[in-house]
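Working notes for the structure below.
Each residue takes its place number in the sequence, starting with 1. This one's a predicted model, so the numbers in the text were calculated from it and none came from an experiment. Only this structure's heavy atoms are used, side chains among them; waters, hydrogens and symmetry mates stay out.
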Amino acid sequence: MWDKLALILLVIGGINWGLVGIFELDLVAWLFGGAASIISRVIYILVALSAVWCVTFLFRSRSLVHSDT
């Protein structure tokens with residue numbers, strides 16, 4: 001469950017960064033009142049924590065990763 005949630009948040013963050021790079025549009029900031037708003041900052045922190053969590057995928061054994069699904 002945590003793995004899937006982390007991946008979903010990471011995908012959201014990746015799409016947001018893609019929008020920033022291509023269109024100069026920070027969708028999270030636009031939706032929640034700017035990059036400095038509390039809600040935007042919480043989302044950015046959750047995406048960052050998800051990225052750190054997903055790094056652990058690189059060091060897990062293959063059988064452990066498949067048993068979570």
Side-chain angles (χ1 to χ4, degrees):
M1 179 180 123
W2 291 111
D3 292 347
K4 289 182 183 182
L5 180 62
L7 283 172
I8 290 168
L9 287 171
L10 204 55
V11 167
I12 290 169
I15 291 170
N16 193 56
W17 272 110
L19 290 172
V20 170
I22 297 169
F23 301 111
E24 296 182 14
L25 169 67
D26 186 344
L27 187 61
V28 172
W30 181 75
L31 287 174
F32 299 108
S37 75
I38 295 296
I39 297 173
S40 294
R41 292 180 66 192
V42 167
I43 292 171
Y44 297 143
I45 291 167
L46 289 174
V47 169
L49 290 173
S50 296
V52 172
W53 180 268
C54 288
V55 167
T56 66
F57 295 169
L58 298 172
F59 303 104
R60 294 184 190 178
S61 69
R62 189 169 186 91
S63 62
L64 178 63
V65 172
H66 287 293
S67 68
D68 290 342
T69 58

In chain order, what residues pass the side-chain hydrogen bond (donor to acceptor under 3.5 Å, both in side chains) check against [X], with sequence neighbours excluded?
| X | result |
| --- | --- |
| Ser40 | Ser37 |
| Asn16 | Asp26 |
| Trp30 | none |

Residues in side-chain contact (heavy atoms from CB on, under 4.5 Å) contact with [X], at least two apart in sequence or another chain:
| X | result |
| --- | --- |
| Leu31 | Leu27 |
| Phe23 | Leu19, Leu25 |
| Leu46 | Leu9, Val42 |
| Leu10 | Ala51, Cys54 |

Consider only side-chain heavy atoms of I, L, V, M, F, W and Y, link residues closer than 4.5 Å, and tell whether [X] and [Y] are in one cluster.
| X | Y | value |
| --- | --- | --- |
| Ile22 | Trp17 | no |
| Leu7 | Leu5 | yes |
| Leu49 | Val28 | no |

Query raised in the report: Is any side-chain heavy atom of Val47 less than 4.5 Å from a side-chain heavy atom of Tyr44?
Result: no

Requested in this report: Check whether any side-chain heavy atom of Ile38 lies under 4.5 Å from a side-chain heavy atom of Phe32, and answer yes or no.
Outcome: no

Query raised in the report: Leu58: which other cluster members, linking ILVMFWY side chains closer than 4.5 Å, directly or transitively?
Result: Val55, Phe59

